[in-house]
Amino acid sequence: MDENPPMRVDRLTEPLLAFRRIDKGFFGVKVLEGVSFEVHAGCALGLVGENGAGKSTLMNIVGGNLCADAGEMRWNGGRYSPRSPREAERAGVAFIHQELNLFQNLTIAENLFIGGFPRRLGLIDRRAMGERARAVLREVRLEHGPDTPVERLSAGERQLVEIAKAMMGEARLIILDEPTTSLTTRETGRLFEMVRQLRERGLALIYISHNLEQVRALCDDLVILRDGQVVGSGAMSGFTLDRMVSLMVGREITQFFPTRTSRPSTEVLLEVRGVSQPGMVRAVTFELHRGEVLGISGLMGSGRSELARILFGLDDCSAGEIRLAGECLNPLPPRERIARGMAFLTEDRRADGLCLEASVGDNITLVALGRMVGRTKAVRREEAQAAVRRMREAVRLTPGARDGQPVKTLSGGNQQKVVLAKWILNEPKVFILDEPTRGIDVGAKCEVYRLINELAGRGAGVLMISSEVEELIGMCDRILVMNRGAIGDSIEPGQFDRERILRSALHSGVLA
Amino acid sequence: MAIGMRVDGWLPGWLKRGVLSDHLILWLSVAYVLGMAPWATGFVSVSNAQTILAYLLPVLVVSVGLTLVLIIGGIDLSVTSIIALASVLGAKVMSGEDGWMAGNALAVPVGVLVMLAVGLGLGAVNGFTVAVCRIPAFIATLTTMMFVSGFAIWVTLSRKIGGLPAGFVMLGQNLWVATVMAVAVTWLAHGFLSRTLYGRWFYAVGQNARAALVSGVPVGRVTFWTYVASGGFAGLSAILFTAGLETGNPEMARDNLLDVVGAVVIGGTSLYGGRGRVLGTVFGVLFLALVDNSLNLVGLTFYTITMVKGGVILGAALLDTARTRILARTG
Amino acid sequence: MRGPLWQRTTVTLMNQASLILFAVVLVVFGLLAPAFRDPQNGLNILIQASSTGILAVGMTFVLLTAGVDLSVGAIMFVAAALSGKFVLGGGSLPMALLIMLLVGAGFGAVNGLFITRLGIMAFVVTLATRYFGRGLGLQITETRAMNLPDSFYELGAARVVGVPVPVLIFAGVVVVAHVVLTRTPFGRQIYAVGADLEAARKAGIRTRWVLWVVYMICGVCAAVAGVVALSQAPAVSPGFGNNREFLAIAAAVLGGTSLFGGRGAVFPGTVLGAVLIQTLENGLNILNVNPYLYPLITSGVIFVAVLLDSLRNGWLVRWNRRKIFVTPDEVGGNSQGLKRET
């Protein structure tokens, strides 16, 4: 740690927030151990680490949701130990969570003031509220009136409302937790611009993200957590991407994308001809071969996920034909498509990937259970248990998880492995993966890539949708780029090029 | 959360194991019988056991149906009104006084079939409105309840119907027959839920309907058939009720909603869906029946007993939240 | 294929399903029964609707937080029984009314306590207190009907500047509730709590306190509804207020309040729902329809309204999905927002 250059020293003032040997454990398991670092005003600090490294716990302590077991925090030179979110807020800490905390049924202004409305005679002073809201909305450059219901805003616009909220509260420290996962490129750009402005104004920022490039581009300082300890900290200039990753993982990742030994065959597995649905996709035509990993790139709202849902039978398809191994699937519901060998890993793991309350075992067997029943439809238990054991090994699920443990208690990466296990157990012929590595840590990402290669090696066709261009380039045999619901470009192996993909995705000339 | 952390500390080990036991309510029932025996004369006797059984069986059957509905995350407020209408229509068919088939040899089988058909049919209506029209279950079954109970009263002009044939009355009064019927359907439901593929589908729908749909569970069909089943169980329950009381009554079971929902909740089934067991419901029904019966023997009025039962259900719900919290702590 | 314009018009119309149903009911009864058209009859409907209406206003508060209160009918009963006993024992009318309000607040406080502090589902808690309350009421009245002195009746028959007191009370409750819900911080926090409890807590709202007060409000409204009901028929029968909770929920839902919280309004929503239900009953009465058929027709109308609403929701979802790529990137995010709700 000594070799790291010191944090920027041009600040003569005390740090705004300092952690001193913070410890925190849950039921005997240490989650944080002796965490010490400082956050300075006018400075953006990147906080990175794998899932489960302790980032969220640490931020929950700052935000007043949890109390540290030992150690202390100092805020502006004084002791700081908030006992509730309200107390933290009053001190000047604003928290922008991964899942936004806006009320869709209320207006922008009401969301900004929900913690404390301006009043007159006990009633809400609407005029004052509107004026103050308009002023702050102008600052974050959100072109909507304060009376617009939040449900009409896009994800990026909602993010801006959150920032406006932080600014309203006279925040001095803003914590951003994975703010860009659901943003378009343009919206991300706008957000970054905002963040830089806030920094200029002397606010302190803590930026938590798995997207290391963004952290690098945005932050002045960096703190890396691993297993609850600070394993690296200092000015950003002292860290390369490789070094960040190796510190996070604790080992050098020599080959991030595992090489696949098998080659795709020429046999067509999935044939998509002119699939259209008004407002979603237009005349999509492609073929997926045995053993092929076919990437689909495109911006959010380009119709990627909608195409996946149509292929799987979750949305209507007004024209075109979908054939799996020669058989037409068009009118069939998802259930029938699964029976014919389709699998679909959805982009939102929590909403439609898993039964969070159910156990690991029940989740893994949910799809394939139909094969483990006798004539009376009674489940053959030994067979099911054996299958669960087999799958746990195949996806390398953490050995700490018991079969009967609810899935919601697992980390994001392990949850994703459970979803994969669920589908792989059914031995799919065509596997549609929508953002398979979203929100999971580096180690788990590697495992997912390995599993994709294994599936392809076994002769399955994989359709991989991703926002991460590197991932597609590293994994795919071919990449389709979607743009406004249609396939804008099809890129053959050997021609993969980050710029070309981005250009086709932004085809309409609105390059941000 | 704050409460849960405290609970963990002060519970002694044996008590914690007891609280976490799957058969907790059964143990409580046993303890209750032992505790009440000295106070309520005749509580522990064969004839009283028969009384309890006669009271318990019809409630058990309808509670089992409701358990299925709660497990998929729904609610069925109409079960008691379905019982009333089935009771009334069945009695209309069979009654020796002015029944439509009075004196006919086939009156009893037809009457029984009518009652089951009423249950299944109304269940299908509920299922259709919830699964196909996508009306929230609470309001869909609420309108069914309003309509059906109004209909039952209109059909009879609020009069009870007597003169039921002996062959029918036997179904409820002969405890052997009633027990066999109730136990058989309960056992079937239990096996169905805990052992079969379809049972797993029920839980999956209750836990996360969207994930279930993506995983190939026919969510709409499961939902529809659950309400049909719930209606069918209510129809069967109506047979036991009507035969037991020897009358078709348009207000039958009207005040049993507490017993039914209470028993299911005491049995540990969650109203949030995805969690619950038929066996738990059996214990819940048993416990409530014991409380009801013993307090009757002690000489409390029915309205006092109603109050106590309200308290018991609150207590059970409290116990259940405590349990969930301990489970969350200990993993 | 349906054109967007066709759909848009239908959806707009269906947004006002209850209003249209109300209009239809008015026209049908107006054509069939001349007596129905009498302005005095309109006032009668309002008087008759006031008790259920007030109950439904309280219920709206609870439904907005994604809760439910099944105990309101029982609260009415207990409050009426206690104050009746008090009046018959020689107590004064104002004191009796105060007792009723206290009983309502007390029940609401207990409900709220169990729901917020002990974390039991509102459905279970209020079902239990519902039976507890009915048992208690029967105990107080000794399961007999209790006839109250005329002072209650006089209250109901009195008029202030030509407006009957029940209607005045109803209007007062509605105005206060409407202002609280739309114009006060507390009211907006109710919507926030109903939309997302966890987010509300994180936003620094004292969610437990909000919920607790909401159940108290509902209890007090139930007591006021009891007062109004007594002023129209000064007797406490053993069935007093029984199953009224379901009517109140139906009125609120008819008025567009969602059972899932966060959406709905007292005015015009719930008021319209309550008046619609009462109008039906009044019109059927004037037409001399068999009273046994009232519940059938009422529940039928409620069903139609609910069905239309869910059809509308289904279409909105489909319709919104359709727009996903009309304008990608820039406004495309918008569709993401809509998509998230589906």
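Please read all numbers here as calculations on a predicted model, not as lab measurements. Quick note on labels: first sequence line is chain A, next is B, and so on, each numbered from 1.
Residue Arg380(A) qualifies as enclosed at atom CZ: its count of foreign heavy atoms under 6.0 Å is above 12. Other residues, nucleotides and ligands contribute at most 12 non-hydrogen atoms within 6.0 Å of the CZ atom of Phe128(B). For Arg323(A), the CZ atom counts as densely surrounded, since its 6.0 Å shell holds more than 12 non-hydrogen atoms of other residues, nucleotides or ligands.
The heavy-atom pair separating Trp423(A) from Val214(B) by the smallest distance is CH2-O, 3.3 Å. Between Asn208(B) and Arg350(A), the shortest heavy-atom contact is ND2-O, 3.4 Å. Across Ser194(B) and Arg381(A), no two heavy atoms sit closer than the pair O-NH2, 3.5 Å. When all heavy atoms of Ala204(B) and Leu366(A) are compared, the closest pair comes out as CB-CD1, 3.8 Å. Looking at every heavy atom in both residues, Leu213(B) comes nearest to Pro334(A) through O-CB, 4.1 Å.
Between Thr365(A) and Arg200(B) there is a side-chain heavy-atom pair separated by less than 4.5 Å.
For residues 202-237 of chain B, the set of pairs meeting the ring-ring contact (aromatic ring centres under 6.0 Å, His included) definition, not counting sequence neighbours, comprises Phe192(B)-Phe202(B).
In terms of heavy-atom pairs under 4.5 Å with chain B, the best-connected choice from Thr376(A), Asp362(A), Val373(A) is Asp362(A).
Rounding to the nearest 0.5 Å gives a distance of 11.5 Å between OG of Ser215(B) and CG of Leu369(A).
At a 4.5 Å heavy-atom cutoff, the contact between Leu354(A) and chain B is made by backbone atoms alone.
Side chain to side chain, Arg210(B) and Thr346(A) fail the donor-acceptor criterion of an N or O pair below 3.5 Å.
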